[in-house]
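These notes are about the structure you will find just below.
One-based numbering along the sequence shown. All values reported here derive from a predicted model rather than from experimental measurement.
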Amino acid sequence: MPYDLPERGFVWIACARQEFELEQAMVQAVLQRLCNTALVDLHVSDLLNQQLPSHFDYTSRYDILVFRRLAAGQSETDLTRPDEPPTRKNKCSGPPVLRRIDTSPVGFAVFDRVVLTVHPAGCGVLDQYASRLLASASSGLRSAGVHLPTSPADLMLRVVNQMVEGYLELRRELTRQLDHMQAELLHPKTRFTNWGSLLDARMSLHQLDDICEDHRSAVLDWIESLESWEPDEDTGGHRSLELLRVRSRDVLEHIERVVRHVRRLEQNVETAVQMHFSAQGNRANDIMRTLTVLTAIFLPLNLIAGLFGMNFDFIPLIHQQNGFWWTMGSMGLIAVGLSVFFWRKRYLERSRG
């Protein structure tokens, strides 16, 4: 743990949530030494809470942002208790790609020259970004077009943006799997039985929508707070502050893209379910129409058969040698005539399903 601020730049303290809980006293002492202040108890509880939704809060000395990540990986409860099933709070269900999305919260405490991140165990986003920063710093100030962050707030926004882009990388596979499920749902010659996965997918998309709305509200609160900042040495001057505002709006735009994509998937699933039941209703109507036409064709034939089955002494054609054939011929002619009539009325036609 660092105990002195560098002459230039800032300090990034990153620790897993369990490590932060165990070393809380030491972290608070370091923050007190570096920033002349420590985290209040309520914010410490927020950083330790595994089920906290995304939100933004602030004090006169630091800002707090809790952001639930949308990335492929195991949730914190899966890593600490592998024998138990994943919780619905931190894990999605439905298609395989939805079950891979982890929504565990990542906390950021942003001071003037210190940023503290509390993340789930095994958070690959922070590890990858830290590796990129170390590689960039070791090869100079720039590496492959990567610029070093100029302030703790800049670092926080870059990490948040990378977490959002982690979902954007999964959306193509997610769209493909949901499209496959919709095609199976609307296939006319198969009977869809995977209703459990479909309902789980709908619930997971609703959950993602709620999480993205929390993301949007938190970033909007951050941008509103950023408007009150004054350019000084800690913020890097007027240009750095403007770049920080631009980066904040860029993060908000990425979050809104995620919101639009999730809502479009929700709408597609709802539309597919409605089309499925509409197609089932049309098939039932076709079956009932066919049965009605067949009943209408055989009704006069049953009437003729009933007439000749009456117990009267004299019925026309019953004692004639050709009476049977005349009756069968007239019945066949009536059946053919009615079939042609219903066919011309389009009551009898081949189903296009």
Side-chain angles (χ1 to χ4, degrees), residues 50-56 64-76 86-108 117 119-120 123-126 128-129 132 153-182 198 200-226 244-272:
Q50 300 180 15
Q51 312 297 342
L52 193 68
S54 301
H55 77 284
F56 171 76
I64 289 288
L65 178 68
V66 176
F67 197 88
R68 298 183 72 91
R69 63 179 184 172
L70 297 173
Q74 288 183 299
S75 66
E76 203 165 7
T87 60
R88 288 199 60 86
K89 282 284 187 180
N90 288 349
K91 210 70 175 175
C92 299
S93 55
V97 67
L98 278 176
R99 293 195 295 267
R100 286 165 40 199
I101 297 179
D102 177 31
T103 60
S104 299
V106 179
F108 299 87
T117 58
H119 55 83
C123 183
V125 175
L126 292 177
Q128 293 174 7
Y129 192 73
R132 290 174 58 188
D154 189 14
L155 174 65
M156 179 195 70
L157 290 175
R158 294 187 185 208
V159 175
V160 168
N161 190 52
Q162 189 167 347
M163 287 192 291
V164 176
E165 289 180 350
Y167 172 80
L168 294 178
E169 295 175 358
L170 294 174
R171 62 179 181 176
R172 180 175 300 177
E173 184 179 357
L174 175 60
T175 303
R176 181 182 60 81
Q177 292 186 8
L178 288 177
D179 287 344
H180 175 73
M181 184 177 293
Q182 293 173 17
L198 182 62
D200 286 341
R202 293 175 64 187
M203 293 175 61
S204 298
L205 290 175
H206 289 317
Q207 178 186 356
L208 285 178
D209 191 10
D210 294 338
I211 292 174
C212 292
E213 280 297 328
D214 293 337
H215 288 173
R216 187 171 180 273
S217 298
V219 175
L220 283 175
D221 291 340
W222 160 260
I223 293 176
E224 184 178 353
S225 174
L226 195 61
L244 200 61
R245 291 169 178 169
V246 170
R247 188 176 295 277
S248 300
R249 290 192 292 268
D250 182 66
V251 172
L252 179 62
E253 191 271 335
H254 285 183
I255 293 175
E256 289 177 344
R257 285 172 56 191
V258 174
V259 172
R260 288 194 297 269
H261 182 255
V262 171
R263 289 181 177 175
R264 185 167 63 249
L265 291 179
E266 281 187 281
Q267 185 178 4
N268 290 343
V269 172
E270 295 288 345
T271 302

Excluding sequence neighbours, so at least two apart, what forms side chain to side chain contact (heavy atoms under 4.5 Å, CB included) with [X]?
X      : answer
Arg264 : His261, Asn268
Leu52  : Asp46, Asn49, His55, Val66
Asn161 : Glu165, Asp250, Val251, His254
Gln267 : Thr271

Closest contact, heavy atoms only, Ser54 versus Ala218: C-CB, 4.2 Å
Taking all non-hydrogen atoms of both residues into account, name the closest pair between Phe108 and Thr117 and its distance. CD2-CG2, 3.4 Å
Who passes side chain to side chain donor-acceptor pair (under 3.5 Å) against Arg263, sequence neighbours left out? Asp209, Glu213
For Arg260, all residues meeting side chain to side chain donor-acceptor pair (under 3.5 Å), sequence neighbours excluded: none
Please report the interatomic distance [atom1]([X]) to [atom2]([Y]), rounded to the nearest 0.5 Å.
X      : Y      : atom1 : atom2 : answer
Arg249 : Leu244 : CZ    : CG    : 10.0 Å
Asp221 : Arg216 : CG    : CZ    : 11.0 Å
Ile255 : Ile211 : CD1   : CD1   : 12.5 Å
Thr103 : Leu208 : OG1   : CG    : 7.5 Å
Leu65  : Trp222 : CG    : CH2   : 8.0 Å

Asp154 meets the salt bridge (Lys or Arg N to Asp or Glu O under 4.0 Å) criterion, sequence neighbours left out, with Arg158, Arg247
Please identify each residue that fulfils ring pair (Phe, Tyr, Trp, His ring centres under 6.0 Å) with Phe67, with sequence neighbours left out. His215
Checking Val106 against Arg68 for the side-chain contact (heavy atoms from CB on, under 4.5 Å) test, could you report, in this order, the C-alpha distance in whole Å, the side-chain angles of both residues, the deciding distance, and whether it holds? CA-CA 6 Å; Val106 179; Arg68 298 183 72 91; over 6 Å; no
Does any N or O in the side chain of Ser248 come within less than 3.5 Å of the main-chain N or O of Ile223, such that one atom is a donor and the other an acceptor? no
